[in-house]
Amino acid sequence: MRLIFLGPPGSGKGTQAKRLTERLGIPQLSTGDLLRAAVRDGTELGLKAKRYMDAGELVPDEVVIGLILERMQQPDCDNGFILDGFPRTKAQAEALEQALQEKGRPIDAVIDFEINPELLVERLTGRRICPNGHGEWHVKFNPPKEPGKCDVCGAELIQREDDREDRIKTRLEAYRRDTEPLREFYAQRGLLRAITADGEMGRISKQIEQAAQGA
Ligand code: AP5
């Protein structure tokens with residue numbers, strides 16, 4: 001099954017992708033995670049992406065498209081995948097469509113995370129991540145066992161540079177300008193399935209599974 005999770009920053013795409021990857025037996029492909037790993041590793045691509053990410057702007061299409069198409073070549077994607085945070089522009093959606101058409105493996109469904117925008121700021125400003133890439137927590141909604149410490153390695157948790165309130169505003173603007181039009185792109189192809197993305201996490205997972213299975 002090949003799924004796209006589409007929704008604004010903080011709508012829960014990453015959280016739900018992680019929950020469902022095991023149940024559905026397919027990997028989560030997160031361009032945000034791939035880019036953050038490149039930044040941590042100090043690669044040329046990471047250095048190029050960092051200033052856009054820190055500012056809350058989208059990384060240029062050519063960088064992201066190359067990265068995700070390469071990731072999709074790996075054998076764990078043979079039975080499908082969950083695309084989390086990609087595509088985010090029309091150019092990315094078209095490049096993806098073409099690459100999948102060439103393989104005869106089209107997208108099955110696009111899960112559209114609908115959420116009241118007022119909830120997003122609290123979700124994002126409260127997020128804390130492990131500096132060593134062991135995961136993320138939330139001060140209120142998903143606290144670590146010991147306050148401020150990574151459950152895996154004990155490192156001091158940090159806030160993502162782009163989770164500051166001014167950067168969140170920029171990210172939401174980028175979403176509205178560049179990504180929201182993809183709802184129409186996928187609705188025209190009969191692939192868009194809306195879910196309600198606020199409330200209890202298990203209930204949201206169920207909605208997604210039902211939407212994906214009805215695809
Ligand atoms: P990326 O990492 O993709 O950030 P994003 O889309 O802004 O995604 P988030 O991780 O902030 O939100 P999410 O919807 O995954 O929510 P989450 O589950 O984490 O991208 C970062 C940057 O990389 C971009 O700004 C850009 O620069 C670059 N980039 C990435 N992809 C790109 C692309 N395709 N093109 C160009 N540039 C790209 O949840 C958020 C918080 O809410 C968590 O703390 C979580 O615990 C909490 N939460 C989740 N669900 C619930 C719930 N039901 N109830 C309570 N709390 C919840």
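When a ligand or atom number is given, it counts from 1 through the structure's own listing order.
Those atoms of ligand 1 with a heavy atom of Arg171 less than 4.0 angstrom away are 4 (O), 5 (P), 7 (O), 9 (P), 11 (O). Atom numbering of ligand 1 starts at 1 in the shown order; those under 4.0 Å from a heavy atom of Val64 are 33 (C), 34 (N), 35 (N), 36 (C). Each of the following atoms of ligand 1 lies closer than 4.0 Å to a heavy atom of Ile204: 53 (N). Listed by number with element, the atoms of ligand 1 under 4.0 angstrom from any heavy atom of Arg36 are 2 (O), 21 (C). Against a heavy-atom cut-off of under 4.0 Å, Glu136 is close to the following atoms of ligand 1: 19 (O), 43 (C). Close approach of ligand 1 to Leu124 (heavy-atom distance below 4.0 Å) involves ligand atoms 11 (O). The contact set between ligand 1 and Gln92, taken as ligand atoms under 4.0 Å from a residue heavy atom, comprises 33 (C), 34 (N), 35 (N), 36 (C).
Of all heavy-atom pairs between Arg19 and Ser205, the closest is NE-OG, 2.8 Å. A pairwise comparison of heavy atoms in Leu6 and Lys13 identifies C-CD, 4.1 Å as the closest pair.
At under 3.5 Å, not a single nitrogen or oxygen of Asp33, backbone or side chain, sits near a nitrogen or oxygen of ligand 1. At a 3.5 angstrom cut-off on N or O pairs, Glu200 does not count as close to ligand 1. The N/O atoms of Gly56, backbone and side chain alike, include none that comes under 3.5 Å of an N/O atom in ligand 1. Residue-to-ligand polar distances keep Asn142 apart from ligand 1: every N/O pair is separated by 3.5 Å or more. In terms of N/O distances under 3.5 Å, ligand 1 is approached by Thr31. Considering both main-chain and side-chain atoms, Gly14 comes within under 3.5 Å of ligand 1 through a nitrogen or oxygen pair. The N/O atoms of Pro87, backbone and side chain alike, include none that comes under 3.5 Å of an N/O atom in ligand 1. Remark: ligand 1 and Asp84 share no N or O pair separated by less than 3.5 Å (distance only, no angle test).
Nearest to atom 53 (N) of ligand 1 among the protein's heavy atoms is Gly199 O, 2.9 Å. For atom 10 (O) of ligand 1, the closest non-hydrogen atom of the protein is Arg127 NH1, 3.0 Å. From the protein, the heavy atom lying nearest to atom 28 (C) of ligand 1 is Leu35 CD1, 3.7 Å. Nearest non-hydrogen protein atom to atom 4 (O) of ligand 1 is Arg160 NH2, 3.3 Å. Looking at atom 44 (O) of ligand 1, its nearest protein heavy atom turns out to be His138 CD2, 3.3 Å. For atom 18 (O) of ligand 1, the nearest non-hydrogen atom of the protein is Thr15 OG1, 2.5 Å. Distance from atom 55 (C) of ligand 1 to its nearest protein heavy atom, with residue and atom name: Phe141 CG, 3.5 Å. Nearest protein heavy-atom contact of atom 16 (O) of ligand 1 is Gly12 N, 3.1 Å.
Salt bridge status for Lys169 with Asp166: absent, with no side-chain N to carboxylate O gap under 4.0 Å. Remark: Asp76 engages Arg71 in a salt bridge, criterion side-chain N to carboxylate O under 4.0 Å. Salt-bridge check for Glu94 with Lys90: passed, with a basic side-chain N closer than 4.0 Å to an acidic carboxylate O. A salt bridge links Arg183 with Glu114: at least one charged nitrogen is closer than 4.0 Å to a carboxylate oxygen.
With atom 54 (N) of ligand 1 as the reference point, the heavy atom nearest to it among Glu161, Lys140, Arg167, Arg123 is part of Arg123. In the candidate list Arg19, Lys13, Glu57, Gln16, Glu57 is nearest to atom 26 (C) of ligand 1, counting heavy atoms. Around atom 3 (O) of ligand 1, the closest heavy atom drawn from Lys50, Arg128, Met201, Arg88 belongs to Arg88.
Contact annotation: Pro8 has at least one heavy atom less than 4.0 Å from an atom of ligand 1. Under a 4.0 angstrom heavy-atom cut-off, Gly10 registers as being in contact with ligand 1.
Under a 3.5 Å cut-off, the side chain of Gln16 and the backbone N or O of Gly12 do not form any donor-acceptor pair. No side-chain donor-acceptor contact under 3.5 Å links Arg105 to the backbone of Ala99. For His134 (side chain) and Gly154 (main-chain N/O), no donor-acceptor pair under 3.5 Å exists by modelled atom type. Looking at Asp178, its side chain never comes within 3.5 Å of a backbone N or O of Thr89 through a donor-acceptor pair. Formation of a donor-acceptor pair under 3.5 Å by the Thr21 side chain with backbone atoms of Ile26 is found in this model. For Glu200 (side chain) and Arg203 (main-chain N/O), a donor-acceptor pair under 3.5 Å exists by modelled atom type. Formation of a donor-acceptor pair under 3.5 Å by the Thr31 side chain with backbone atoms of Gly85 is found in this model.
In this structure, Arg189 is positioned above the aromatic face of Phe185, its NZ or CZ under 6.0 Å from the six-membered ring centre and within 45° of the axis.
Only one option out of Lys50, Arg167, Arg51, Arg171 pairs with Asp162 in a salt bridge (charged side-chain N to carboxylate O under 4.0 Å, His left out); it is Arg171.
Of the N and O atoms on the side chains of Gln101 and Glu97, not one donor lies less than 3.5 Å from an acceptor on the other residue.
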